Amino acid sequence: MEKTSKINLLLFFSLSFLVLGLSNAYSQKVHYDSIQKQKYVLIDVHKTYERITSKGYESVEMFEYLGNYYFDCKNFKKSELYFDKLFQKYSLSQISPKSIERYKTIKL
């Protein structure tokens, strides 16, 4: 085999592994709609909200969503954590009745 073809082959495999590695590092769950054959991506909203709140951004909606999400998943420790933050920072008039009831059941 010639020297240039060996170099080209080595370069090809090196770039292939590099591209495969980068695509896996930033991959998301891509699904296809079976009827319309369109791509869509599933996003974990709770992970996104946790990442946002860890950076210092917060809102009633995010704390309520996280508290209710973890309540539904039966992770009452995390649910209580986000409900505590919600009730410490915001007034009862801003919080939904569903979240108020769930918070009361956790605190019993």
Side-chain angles (χ1 to χ4, degrees):
M1 201 179 247
E2 291 182 31
K3 187 176 182 178
T4 56
S5 62
K6 285 183 182 179
I7 292 173
N8 287 340
L9 190 60
L10 181 63
L11 184 62
F12 172 74
F13 282 117
S14 299
L15 289 174
S16 299
F17 287 120
L18 179 65
V19 169
L20 285 174
L22 289 177
S23 67
N24 287 336
Y26 296 106
S27 65
Q28 294 179 341
K29 294 180 184 176
V30 177
H31 297 275
Y32 293 92
D33 183 4
S34 61
I35 297 171
Q36 297 178 352
K37 305 293 185 216
Q38 294 178 342
K39 289 185 194 179
Y40 62 95
V41 178
L42 294 179
I43 299 171
D44 291 332
V45 177
H46 68 280
K47 288 181 183 178
T48 304
Y49 280 172
E50 283 182 332
R51 203 172 26 244
I52 291 170
T53 57
S54 71
K55 292 181 181 181
Y57 301 103
E58 47 197 41
S59 72
V60 174
E61 292 82 12
M62 283 194 285
F63 287 138
E64 271 194 273
Y65 177 85
L66 289 169
N68 287 318
Y69 172 81
Y70 285 114
F71 187 89
D72 291 336
C73 292
K74 308 283 189 259
N75 188 343
F76 299 115
K77 199 172 212 177
K78 271 195 161 181
S79 178
E80 184 178 9
L81 170 78
Y82 289 110
F83 278 142
D84 283 341
K85 289 180 182 181
L86 175 69
F87 282 87
Q88 287 171 1
K89 295 182 185 253
Y90 300 99
S91 67
L92 286 177
S93 63
Q94 295 175 297
I95 301 170
S96 72
K98 176 183 174 182
S99 296
I100 293 171
E101 285 301 315
R102 287 184 168 189
Y103 185 63
K104 286 179 183 177
T105 59
I106 290 173
K107 286 298 188 178
L108 291 178

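What you are looking at is a predicted structure, and each value in this text was computed from that prediction instead of being measured. Basis for what follows: all heavy atoms, side chains included, without hydrogens, waters or symmetry-related copies.
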In this structure, CZ of Phe87 is separated from OH of Tyr103 (nearest 0.5 Å) by 6.5 Å

By side-chain hydrogen bond (donor to acceptor under 3.5 Å, both in side chains), Ser54 pairs with (sequence neighbours left out) none

Leu66, Ile43: one ILVMFWY side-chain cluster at the under-4.5 Å cut-off? no

**Prompt:** Does the side-chain contact (heavy atoms from CB on, under 4.5 Å) test come out yes or no for Thr48 and Asp44, once each step is laid out?
**Reply:** CA-CA 6 Å; Thr48 304; Asp44 291 332; 5.6 Å; no

Taking the side chain as every heavy atom from C-beta outward, state whether Glu50 and Lys78 have any atom pair closer than 4.5 Å.
yes

Taken to the nearest 0.5 Å, the spacing of Tyr65 OH from Tyr82 OH works out to 12.0 Å

Rounded to the nearest 0.5 Å, the CD1 atom of Ile95 sits from the CD atom of Glu101 at a distance of 12.5 Å

Residues 60-73 vs salt bridge (charged side-chain N to carboxylate O under 4.0 Å, His left out), sequence neighbours excluded, gives Asp72-Arg102

Taken to the nearest 0.5 Å, the spacing of Leu92 CG from Ser99 OG works out to 11.0 Å

Looking at Thr53 and Tyr49, would you say the former's side chain and the latter's main chain have a donor-acceptor pair under 3.5 Å?
yes

How about Phe76 and Phe71: are their ring centres within less than 6.0 Å of each other?
yes

Residues pairing under salt bridge (charged side-chain N to carboxylate O under 4.0 Å, His left out) where one sits in residues 81-97, two or more places apart or in two chains, turn out to be Glu58-Lys89, Asp84-Lys107

Here the pair of heavy atoms bringing Tyr70 nearest to Ser79 is CB-N, 3.7 Å

If you apply the rule side-chain contact (heavy atoms from CB on, under 4.5 Å), what do you find for Tyr69 with Cys73, and how did you get there?
CA-CA 6 Å; Tyr69 172 81; Cys73 292; 3.7 Å; yes

Check the pair Asn68, Phe83 against side-chain contact (heavy atoms from CB on, under 4.5 Å), reporting the backbone distance first and the verdict last.
CA-CA 8 Å; Asn68 287 318; Phe83 278 142; 3.4 Å; yes

